[in-house]
There are 2 protein chains.
Amino acid sequence: MLMDDMGWGDLGVFGQPSKETPNLDAMAAQGMLLPNFYTANPLCSPSRAALLTGRLPVRNGFYTTNAHARNAYTPQEIVGGISKDEILLPQMLKKKGYVSKIVGKWHLGHRPQYLPLENGFDEWFGAPNCHFGPYNSSIRPNIPVYNNSEMLGRYYEEFKIDKETGESNLTEMYLMEGLDFILRQSKAQQPFFLYWAADATHAPVYASKRFLGKSQRGRYGDAVMELDYSVGQILAWLQTLGIENNTFVFFTSDNGAALMSAPNEGSNGPFLCGKETTFEGGMREPAIAWWPGHIKGGTVSFQLANVMDLFTTSLALAGISPPDDRTFDGMDLTPVLLSQIHQLQDRPIFFYRGNELMAVRLGQYKAHYWTWSNSWKEFRTGINFCPGQDVPGVTTHEQKEHTMQPIIFHLGRDPGEKFPLSVLTKEYQDVLSRISPFVEQHKKSLVPGIPQLNMCDMAVMNWAPAGCEKLGKCLKGPESKPWKCDWPH
Amino acid sequence: MLMDDMGWGDLGVFGQPSKETPNLDAMAAQGMLLPNFYTANPLCSPSRAALLTGRLPVRNGFYTTNAHARNAYTPQEIVGGISKDEILLPQMLKKKGYVSKIVGKWHLGHRPQYLPLENGFDEWFGAPNCHFGPYNSSIRPNIPVYNNSEMLGRYYEEFKIDKETGESNLTEMYLMEGLDFILRQSKAQQPFFLYWAADATHAPVYASKRFLGKSQRGRYGDAVMELDYSVGQILAWLQTLGIENNTFVFFTSDNGAALMSAPNEGSNGPFLCGKETTFEGGMREPAIAWWPGHIKGGTVSFQLANVMDLFTTSLALAGISPPDDRTFDGMDLTPVLLSQIHQLQDRPIFFYRGNELMAVRLGQYKAHYWTWSNSWKEFRTGINFCPGQDVPGVTTHEQKEHTMQPIIFHLGRDPGEKFPLSVLTKEYQDVLSRISPFVEQHKKSLVPGIPQLNMCDMAVMNWAPAGCEKLGKCLKGPESKPWKCDWPH
């Protein structure tokens, strides 16, 4: 269950003052909380590609080289998508007979060859891109909503999102799709993988009518409440069907809360900045593992972990060996989840922007080799990824290199990345000498994938998705005029 | 149970990433969490005076008029203390036969007439002032530790605090004193009031040997872990003695975490700034109510509440009517705690600095009439109450008046006080017209107490506390040369 732009601090159990998530809090009480869980990138597409391939975006191609250290994703003018050279989790799980469904946002490319059913999923209900819009169809088509390999309609047309009131029943539809899939597989005693990727907390934030106005936080909190309710319904459904002891469930988010959509924004708790940045607010994610009878209730593991571990862990749980022809970035969390080991495994967490290694966490320490939030030019237009936060030399508006003398924080004492260790201390020198070999090894052995997010073209937009002809919803796009995409962040 | 400088965000249940408080988290799971609970002042002494008198510091005299809007407290050169005109909670409880003990920090004046046993408490183990030191006894005596009305020794002398290692067994002693008192009253079937005011999270932060180095946060987290352990021991003790259904327990803190003691500092979670300020980080407090068989487990109440409510609520629980000759600022929380009502009571929360009304919260809204964190002069010397935080026009370094057009935040959508409502909106005008009558009424009816924190004098320091002669620990102070205390914040 992967949320969209939901922040670490949006869960009651992670400190949201308005405590809107009783179901997630209960999930944590019945399962394991992982306070040190990370995404692979502070932006949706690369994060999702990393989850499904078990590899860093710089390896799986979900990055750009158009400019230095830029975040890139898959708007509908993107030419690229997930490479056929990558192996996705549902493709692996198929080896052991798993049936897979994605419900919600895909974001790994929207051209036909990149869609879920071409890449290992058996079923899909959802959309290939974000729910931005509405668009004037002559300039830009609205995003299609697919049922499996054919479109069912488009956002703002057949699938309503009222930007004025924030009303949309998409989360409700995603819930129903999830419950129905689980029911069918359960009845057939069929092993399954459900990738439930609701996107209500991504701008424009929406909720169903019965949740609108119910939270203390406005529309954002309403969306959180509906997602929390849906999680509760899914867990309860597993219990109703009697398959809860047989179903591993993981809840997390694709990146930190977007702090530029104020005041209708999420919370990154005590962490610095948010989405688009490699500070903790952009990369640290809420994470709960749930598996009654296997994962002990009410446990907390401080193991450093990330979204790519879910690939490796899922294969381990399914008894499948990962391919040996490529590098995976995840570790098998099974011994941690099952409390078979309590000693924390020393492993680095890498923080990228584009193909630049911005920062590394090892143990309690995080070393920033490059810093920036966003450009002065953007910042001066009012785009601010760190509103109300200003750590001198850290939340910089120009790209600052610190590779010779990284800025190092102790995230235990200083989770907010406010007080860099003095370079004159023994602690700094000790940490640096422990981190440096990991970084050298990583850089030396890195084989970057072909960057998929460099080229844009208005001709590739969702003009005529499969099935459009049956609905009379085919549009005619312009001629192909590709350009190098401009990634401002 | 009143903590010292512990922040809202220091509890696992309020989002601390290193989750050091399993006992407090369990207390919340067995009781009621109050996420909208406030102190009366962002500094120790006035906050504690408000708790014990049920009245705002501007009424009970715990403020200064030496300069505009300054925080004042009771260092050992203070001349004043709690006025004999005030009635303290233990004095009231005595009417129904309660025996009262304070364990830990008093901070309501250290001259003989101001001490706990002169003001309603039957027993005391602890100190009158903060545990700053060590001092050269010719210039400034070390702070005495009292057992009831006589000193037992002094900090850094008989009562060790190792500032190098952070080791001190004071919390352990406070725990033992608390357990012993409970045991004696329980055996005697004697109604009791225990005011457990441990101060390990106040600088210089300390912990007992077996907790040192145990947390992820360094010394501060070690102190939190020991306090959490102690809370767990006290609750378990009530259960062991079989009096848990008969004992109302409340946990909170005197003010927000001090953010100038970095990196060994606490967390105010998502809130702005900390101790010394009237932003949420200075005033919002962790709060848990526990009373098995009466308070329903796992409940959350969003009722706006504050430390003065504990006075009024305690009297209500004991069946005592408050005196009718003065104004009290608290409300009786009993119906909230016992879930007899679920509708939130509309009531203002006032935020003072000195005798200036800085801000008011009503419902989800908070209006700032004055803003400042600290002076430019102080800020430029490195004293910063908002490290890493900078909200333009809000975290100001000069005292800014906004009484004609207060800065208003919606704390539901924006708990971090980052995005003021536009004065041009209907929402702003509606809120202002709802808050203004409360403010006018409050100001019109306010009768300030005589300010107790204006005068300082080296002669009044703890040179020769009662009992010093028995220990050979009497010191000779200088002649009286009173001056108007300088309160920089």
Side-chain angles (χ1 to χ4, degrees), chain A residues 7-20 22 25-26 29 33 35-36 215-221 259 262-265 267-272 280 284 298 300-302 363-364 384 386-392 394-395 409-421, chain B residues 7-20 22 25-26 29 33 35-36 215-221 259 262-265 267-272 280 284 298 300-302 363-364 384 386-392 394-395 409-421:
Chain A
W8 193 91
D10 279 323
L11 276 61
V13 74
F14 285 127
Q16 218 298 318
S18 46
K19 301 278 172 197
E20 289 148 355
D25 298 353
L33 199 62
N36 287 326
S215 82
Q216 298 181 30
R217 283 204 283 171
R219 198 172 294 176
Y220 188 91
L259 299 188
N264 233 325
E265 60 170 31
S267 166
N268 296 315
F271 302 125
L272 188 62
E280 291 296 291
R284 188 96 70 114
V300 175
S301 172
F302 294 106
Q364 292 287 2
N384 186 356
C386 314
Q389 298 180 315
D390 178 27
V391 182
V394 177
T395 55
F409 296 102
H410 184 290
L411 295 179
R413 300 194 299 264
D414 177 22
E417 294 171 291
K418 291 192 186 106
F419 308 106
L421 299 191
Chain B
W8 193 92
D10 279 323
L11 276 61
V13 74
F14 285 126
Q16 219 297 318
S18 46
K19 302 276 170 197
E20 289 147 356
D25 298 353
L33 199 62
N36 287 325
S215 81
Q216 299 181 30
R217 282 204 283 172
R219 198 172 293 175
Y220 188 92
L259 300 188
N264 233 325
E265 60 170 32
S267 165
N268 295 315
F271 302 125
L272 187 62
E280 291 295 291
R284 187 98 67 117
V300 175
S301 171
F302 295 107
Q364 291 286 4
N384 185 357
C386 314
Q389 298 181 314
D390 178 27
V391 182
V394 178
T395 55
F409 295 102
H410 184 290
L411 295 179
R413 299 193 299 262
D414 178 22
E417 293 170 291
K418 291 193 187 107
F419 309 105
L421 299 191

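Letters A, B, ... mirror the listed sequences (proteins, then strands); counts begin at 1.
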Minimum heavy-atom separation for A/K19 and B/L33, please, with both atom names. CE-CD2, 3.6 Å
Here the gap from A/Q389 atom CD to B/K418 atom NZ, rounded to the nearest 0.5 Å, amounts to 5.0 Å
Output for pair (B/L259 CG, A/F419 CZ), nearest 0.5 Å, gives 7.0 Å
Pick whichever of B/G12, B/P17, B/G218 has the most heavy-atom pairs under 4.5 Å with chain A. B/P17
Chain B contacts, top residue of A/D390, A/V391, A/N268 (heavy-atom pairs, under 4.5 Å): A/D390
Contacts of A/E280 that satisfy side chain to side chain donor-acceptor pair (under 3.5 Å) - sequence neighbours left out: A/Y38, A/R284, A/K366
At what distance, to the nearest 0.5 angstrom, does CZ of B/R413 lie from OG of A/S215? 10.0 Å
Under 4.5 Å from any heavy atom of chain A, what part of B/P387 do you find: side chain, backbone, both or neither? both
Partner chain B: residue of A/G388, A/P35, A/G15, A/P392 with the largest heavy-atom pair count (under 4.5 Å): A/G388
Hey, what do you get for OG (B/S18) to CG (A/L411), rounding to the nearest 0.5 Å? 11.0 Å
Of the listed residues (A/A29, A/G412, A/G221), which shares the most heavy-atom pairs with chain B below a 4.5 Å separation? A/G412
